[in-house]
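The figures that follow rest on heavy atoms only: side chains count, while hydrogens, waters and symmetry mates do not. In listed order, ligands and their atoms are each counted from 1.
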Amino acid sequence: MSLLEWRDEFRIGIAEVDHEHQVLIGLINELHAALGADRSGESVEDFLGEIHARVSAHFALEEKDMQARRYTEFETHKADHERLLDDIRDIMDEHSESGVLDDQAFANRLAAWFGGHFKTYDARLHSFLQAQR
Ligand SMILES: [Fe+2]
């Protein structure tokens with residue numbers, strides 16, 4: 001089973017962006033499938049580190065676009081990105097203390113953030129970018 005199922009509430013209605021978000025979630029699921037039952041500390045650390053890196057790369061592209069187009073909501077949008085990256089960091093810290101990763105809790109935290117961010121920050125940003133074309 002996938003770690004994170006695509007949900008209708010993730011959809012913002014701009015095909016290109018929805019596709020990118022589906023790819024990101026697919027990537028997270030692939031990393032999770034590759035981790036499988038291997039719960040050695042190092043493997044879980046690598047898994048979380050890789051997710052942090054991929055999500056961060058996705059955000060960096062979006063932030064580059066925002067800056068290039070002088071998007072007025074850049075600071076608050078970026079702050080919401082930082083909030084998820086900090087959350088992933090916290091999960092990494094929790095894991096290194098407890099030695100345990102609760103997959104379901106991790107998935108729920110990601111899904112809650114995606115569900116909130118895509119529909120608000122990303123929907124506003126991408127309709128702004130589209131209007132400029
Ligand atoms: Fe975003």
Q) Can you list every pair that meets salt bridge (charged side-chain N to carboxylate O under 4.0 Å, His left out) and has a residue in residues 70-80, with sequence neighbours left out? A)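 Those involving residues 70-80 are E63-K78, E73-R124, K78-E82, D80-R83.
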Q. According to the interplanar angle, ranging from 0 to 90°, do the rings of W113 and F118 count as parallel (below 30°), tilted (30 to 60°) or perpendicular (above 60°)?
A.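 Plane angle over 60°, so perpendicular.
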Q.
Parallel, tilted or perpendicular, judged at 30° and 60°: which one describes the rings of H77 and H81?
A.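 Judged by the thresholds at 30° and 60°, the geometry between H77 and H81 is perpendicular.
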Q: Sort and list the pairs that fulfil side chain to side chain donor-acceptor pair (under 3.5 Å) and have at least one residue in residues 46-56, not counting sequence neighbours.
A: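 Listed once each, the pairs are E50-R54.
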Q.
For a distance under 2.8 Å, give residue and atom name for each protein N, O or S atom next to the Fe ion (ligand 1).
A.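 Listed by chain and number: E62 OE1, H77 NE2, H81 NE2, H117 NE2, D122 OD1.
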Q) Among all residues two or more places apart in sequence or in another chain, which pass the side chain to side chain contact (heavy atoms under 4.5 Å, CB included) test with E30? A)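 E30 satisfies side chain to side chain contact (heavy atoms under 4.5 Å, CB included) with no other residue.
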Q: For residues F10 and H21, establish whether the separation of their ring centroids is below 6.0 Å.
A: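 Judged by ring-centre distance (under 6.0 Å), F10 and H21 do not meet the cut-off.
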